[in-house]
Amino acid sequence: MPEHGTVVGVLLAAGAGTRYGMPKILAHQGDWLRAGVGALGDGGCGQVLVTIGAAAPEMPGGARAVQVPDWRRGLSESVRTALLEAADVPDLVGVVLHVVDIPDVTGEQVRRLLDACGPRPDRLGRAGFAGSAGHPVYLGADHLDGVLESLSGGRGAGPYLAARTDVIEVDCTDLGTGLDHDRPDV
């Protein structure tokens, strides 16, 4: 996808899924895990990392598990662990964050986001659905330190993005719902 450098895709999946009743990384016999990894890889991410914590299933081809030691502390720990891991990639251009509980995100949505963002190290972007901000999210490498400084508790990169005026909003309404699944009946 990028002419120079690597975009790392991150599937955030370390949580216990207490409202869902099980770790969502295991949902539908691993279909959500495979769909998330596939979307990131098919969308143009040169490496795909999956955060694990409450459960540690076998990874689909093309993905590498990243253990989140303090996963019980919330989403911020998954984002922190993944961004620190991604920062070690020598030619990193940016990171695409995606969450396991939005299973209808496809490679086409990730590709649209990356196309809109360059992908360049100075850019920020996020998919939107029917006027609501959602996932996936693109963080150019220049922003990783700022995101890391802003992380706390159950919040990921959202507060950092909300404080910015340069986030590229990429409408993906025609490609999916962008709805997360917090409960098994949804």
Can you name the nearest heavy-atom pair linking [X] to [Y], along with the distance?
X	Y	result
Ala35	Pro103	CB-O, 3.9 Å
Leu113	Ala127	CD1-N, 4.1 Å
Ser76	Ser152	OG-C, 3.4 Å
Leu92	Ala87	CD2-CA, 4.0 Å
Trp71	Ala14	CE3-O, 3.6 Å
Gln29	Arg34	O-NH2, 3.0 Å

Taking the side chain as C-beta and beyond, is there a heavy-atom pair between [X] and [Y] under 4.5 Å?
X	Y	answer
Pro69	Thr81	yes
Ile168	Arg123	yes
His98	Leu12	no
Val95	Val7	no
Thr6	Val93	no

Between [X] and [Y], is there a donor-acceptor pair closer than 3.5 Å when you use the side chain of the first and the backbone of the second?
X	Y	value
Ser150	Val147	yes
Gln109	Thr106	yes
Arg126	Ala133	no

Hey, any chance [X] and [Y] share a hydrophobic cluster, counting ILVMFWY side chains that come within less than 4.5 Å of each other, even indirectly?
X	Y	result
Leu139	Val68	no
Leu179	Ile102	no
Val37	Leu26	yes
Val167	Leu148	yes

- [ ] In plain terms, say whether Arg112 and Asp174 are close enough for a salt bridge, that is, a side-chain N and a carboxylate O under 4.0 Å apart.
- [x]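 Yes, Arg112 and Asp174 are salt-bridged.
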
Task: Salt-bridge present (Arg111, Glu108; N to O < 4.0 Å) - done: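 No, no charged N to carboxylate O under 4.0 Å.
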
As an exercise, state the distance from [atom1] of [X] to [atom2] of [Y], rounded to the nearest 0.5 Å.
X	Y	atom1	atom2	answer
Leu175	Phe129	CG	CZ	7.5 Å
Leu33	Lys24	CG	NZ	14.0 Å
His135	Asp180	NE2	CG	9.0 Å
Asp101	Trp32	CG	CH2	6.5 Å
Asp122	Asp142	CG	CG	6.0 Å
His143	Leu83	NE2	CG	12.5 Å

Task: Name of the residue among Leu124, Leu151, Val137, Val79 meeting side-chain contact (heavy atoms from CB on, under 4.5 Å) with Tyr160 - done: Leu124

Open item on the list: Suppose we screen for side-chain contact (heavy atoms from CB on, under 4.5 Å). Which residues come up paired with Arg64, at least two apart in sequence or across chains?
Closed with: Gln47, Leu49, Val66, Glu85

- [ ] List for me each residue that meets side-chain contact (heavy atoms from CB on, under 4.5 Å) alongside Ala13, sequence neighbours excluded, and say none if there are none.
- [x]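 By the side-chain contact (heavy atoms from CB on, under 4.5 Å) rule, Ala13 matches Ile25, Val50, Val100.
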
- [ ] Kindly indicate, with the supporting measurements, whether the criterion side-chain contact (heavy atoms from CB on, under 4.5 Å) is fulfilled by Val96 and Val8.
- [x] CA-CA 6 Å; Val96 175; Val8 173; over 6 Å; no

